[in-house]
Amino acid sequence: MNLVNLESVSHSYGPKPLLSDVSLGIEAGDRIGVVGRNGGGKTTLISVISGTLRPNAGRVTHNRGLHVGSLSQGDDLDPARSVRDIVLGGKAEHEWAGDAGIREILANLLGDIDLDALAGSLSGGERRRTALAKLLIDEHDLIILDEPTNHLDIEAIDWLARHLSGRRTALLVVTHDRWFLDAVSTRTWEVVDGSVERYEGGYAAYVLAKAERARIAAASEARRQNLMRKEIAWLRRGPPARTSKPKFRIEAAQALIADEPPARESVELVKFAAARLGRTVYDLEEVTLHAGGPGQGPLVLDRSTWQFGPGDRIGLIGVNGSGKSSVLRLLADTVKPDSGRVVRGKTVRLAHLSQELGELDPTRRVLETVEEIRKFIQVGKKEWTASQLLERLGFKGDAQWKVVGDLSGGERRRLQLLRLLMDDPNVLLLDEPTNDLDIETLNELEDLLDGWPGTLIVVSHDRYFLERVSDRTVALLGDGRLSMLPGGVDEYLSRRASGGALSARAASGAASSDGDQAAAAPAVAEPGLSAKEERELRKELSRLERQLDKLSAREAKLHASMADAAADYGRLASLDAELKDVVAEKEAVESEWLEVADRLGE
């Protein structure tokens, strides 16, 4: 059944059309993801579809009796009404409490919010979650969501994706969260240059299909082509679920990536990083840390020992309020531990992108603001000018001469990030770097970070970005420790769902939002392990992980060499023998790693 039809719709603000002669339709059961550059017309499109914006030209037709529910980037919550009244309306408690679906929505979106609190007392994130909960509880034929993952942590985003996938309601969603797009959408619309290009499948299928269209059309933009090929190569090497949706001929896409190198030359980058940083980057020794200062606020670390080495690329995850930003501030030396010691390498040159961006001179031009830091920078093997990097992060042409005071919040964040990179750091701490960035800019940033040699620690609720730029995942599980998760975000969500170590936060109250604390002892698998022994074991674990990375790279190179020497039987036999030695050594190191990790209780 057809729900909404657009016929020859055009709309513009000023001389440039955002929509130009667009005709399309939404059917019952459609789940559509909308992508495109910031300012390209995505919000205009969904506003026209929802009926909140009348286009300059064309016709929009809604099916008779259509119920449309929308979540915009702002909200119109009455500050004098309670959360309970807004979300549940006039429903009696026995009525909504007996509905498992409503209880699930409240638990996952409003679990930490007092239902009797007035909307006027809520933070921006709490207001948004309240508006989302109200939307999901109500019945609709079509749900339209504009950036629904804002202010949600990884666990809540995972729940929302599963919830939306299980509804029969038609869905139209604008988001820069590519993992979320892949999880909820079966079709993708790209708003570009006033038109809407349509693709089958979620984000992975969209990337593959777009590259295939570009290959057939022999597009002239060589750099954008290379970026797309690199993105595809990473997608194809990732979990199989990423490529389960494409419905077009896969062989053409395979031809695109047959000779594509890995996203990062990890061994080379680690070697370069070690040369710049030496052996020590950060060593945490018996560190205790509270989020609000010594003894104040939630407990983040409790006598925790950890080591961050040269070339480490780590994604730091945990529920909202677990203390991820506090850990970054500890490493940046803007907060001090309650007790214990943080050893920083003598050659560390730090850049810290926090959620509270530093002040930029509103009277300066964009290019001047970057060039005052440095006019050239070496990233990997290539030298870039300030202007070239600005262009890569979305400041093209005249945009480089805009006054900083006229920039949007997203543009300011991009500018601040670029200024940090231009200062040539060898350690990057990134706290939610993807906020307000569109997918095209995220691709450029990821490609830039691929060639950046140094230690990277990133906090982000954007699961795709986190998995794309980091090699290891470390979690704050609420037990006062930093714990490595070999299975990444999937393991984190699995342990959250099963209760596991992650339930310690809820059980102890160590990181509860009201600041209650309990003296949770550090969990170790082997009783009697001293602080010195634990520190040495962690160093050994880090050494083994670096050795595994090198052996994996060597194994991949041997496979490539064997393919090249397919006709040379003598050379092939020699390479095969060497490969067997490498595989055997790798298995031995893996066994040793498991033994050390087991002693540490990882």
Side-chain angles (χ1 to χ4, degrees), residues 31-36 42 108 132 145-166 171-190 199-210 228 230-246 263 313-320 324 430 432-447 449-450 458-475 485 487-497:
R31 296 206 304 272
I32 302 167
V34 182
V35 301
K42 301 187 301 293
N108 283 280
L132 179 57
L145 304 175
D146 196 353
E147 294 296 346
T149 63
N150 286 358
H151 304 291
L152 299 184
D153 60 25
I154 286 178
E155 188 179 1
I157 292 170
D158 178 73
W159 171 83
L160 180 60
R162 287 185 283 108
H163 176 83
L164 292 173
S165 296
L171 175 68
L172 187 67
V173 57
V174 172
T175 180
H176 299 146
D177 189 319
R178 292 158 291 176
W179 178 88
F180 186 78
L181 271 178
D182 234 3
V184 303
S185 59
T186 56
R187 297 168 63 194
T188 302
W189 290 353
E190 182 184 23
Y199 300 84
E200 289 295 319
Y203 179 73
Y206 153 73
V207 171
L208 290 165
K210 186 175 179 180
M228 191 64 66
K230 192 173 188 180
E231 180 77 356
I232 294 166
W234 187 80
L235 282 167
R236 292 292 294 160
R237 292 188 180 100
R242 288 201 182 99
T243 54
S244 62
K245 294 181 183 177
R313 303 176 73 95
I314 293 172
L316 179 60
I317 61 177
V319 298
N320 284 341
K324 302 183 294 295
L430 303 180
E432 295 295 348
T434 67
N435 286 354
D436 302 312
L437 300 186
D438 57 43
I439 288 177
E440 203 166 328
T441 306
L442 284 172
N443 288 338
E444 292 282 5
L445 175 58
E446 289 160 355
D447 188 63
L449 291 175
D450 282 343
V458 58
V459 170
S460 178
H461 295 321
D462 186 328
R463 180 172 172 177
Y464 189 104
F465 180 83
L466 199 69
E467 293 175 335
R468 175 69 171 79
V469 303
S470 62
D471 295 328
R472 293 192 290 157
T473 302
V474 173
L485 301 180
V489 176
D490 286 333
E491 181 180 345
Y492 169 80
L493 293 172
S494 174
R495 292 173 69 176
R496 283 290 291 174

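Keep in mind the model is a prediction, meaning the values are calculated, not measured.
Of the inter-residue distances, the one linking D177 atom CG with T434 atom OG1 reads 7.5 Å to the nearest 0.5 angstrom. Summarising the geometry, atom CG belonging to L152 is positioned 11.5 Å from atom CG belonging to D158; distances are rounded to the nearest 0.5 Å. Of the inter-residue distances, the one linking D490 atom CG with R463 atom CZ reads 4.5 Å to the nearest 0.5 angstrom. Taking CG of L485 as the start and OG of S494 as the end, the distance is 10.5 Å to the nearest 0.5 Å. Considering CZ of R496 and CD1 of I154, their distance stands at 11.5 Å, rounded to 0.5 Å. Interatomic distance, CG of L316 versus OG1 of T473, reported as 9.5 Å (0.5 Å rounding).
Two residues are said to be in side-chain contact when any heavy atoms from C-beta on lie closer than 4.5 Å; R468 and R178 fail this criterion. Contact annotation: the side chain of V319 approaches that of E155 to within less than 4.5 Å [non-hydrogen atoms, C-beta and beyond]. When side chains are defined from C-beta on, S460 does not count as touching L430, because their heavy atoms never get closer than 4.5 Å. Residues V458 and L449 have side chains not in contact (no heavy-atom distance under 4.5 Å, counting atoms from C-beta outward). Taking the side chain as every heavy atom from C-beta outward, D462 and L442 approach each other to under 4.5 Å.
Listed here is the closest heavy atom pair of A156 and N108: CB-O, 4.3 Å. When all heavy atoms of I317 and K324 are compared, the closest pair comes out as C-CD, 3.6 Å. The two residues G318 and Y492 make their nearest non-hydrogen contact at C-OH, 3.4 Å. Considering all non-hydrogen atoms of both residues, V469 and R313 come closest at O-NE, 3.0 Å. The two residues G315 and L466 make their nearest non-hydrogen contact at CA-CD1, 3.8 Å.
Residues passing the side-chain hydrogen bond (donor to acceptor under 3.5 Å, both in side chains) test with R187 are D30, sequence neighbours excluded. Residues meeting the side-chain hydrogen bond (donor to acceptor under 3.5 Å, both in side chains) test with R472, sequence neighbours left out: D312, E545. Scored by the side-chain hydrogen bond (donor to acceptor under 3.5 Å, both in side chains) test, D146 finds T43, Q73 as partners (sequence neighbours excluded). In terms of the ring-ring contact (aromatic ring centres under 6.0 Å, His included) criterion, residue partners of Y199 (sequence neighbours excluded) are, by chain and number, Y206. Judged as a side chain to side chain contact (heavy atoms under 4.5 Å, CB included), and not counting sequence neighbours, the contacts of A161 are W179, F180, A183, V184. Taking T441 as the reference, R37, D438 meet the side-chain hydrogen bond (donor to acceptor under 3.5 Å, both in side chains) condition, with sequence neighbours excluded.
Although no hydrogens or angles enter the test, the distance criterion places no donor-acceptor pair under 3.5 Å between the side chain of E200 and the main chain of A205. Panel note: side chain K42, backbone V34; no donor-acceptor pair is recorded below 3.5 Å.
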(message) As a quick check of understanding, evaluate side-chain contact (heavy atoms from CB on, under 4.5 Å) for H176 and L437, giving each step before the final call.
(response) CA-CA 7 Å; H176 299 146; L437 300 186; 5.7 Å; no

(request) For the pair Y203 and I439, evaluate side-chain contact (heavy atoms from CB on, under 4.5 Å) and give the outcome as yes or no after the intermediate values. (result) CA-CA 10 Å; Y203 179 73; I439 288 177; 3.8 Å; yes

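Side chains of H151 and N320: no donor on one and acceptor on the other come within 3.5 Å.
Each of L164, L171, L172 was evaluated against R31; a single residue qualifies, L171, per the side chain to side chain contact (heavy atoms under 4.5 Å, CB included) test.
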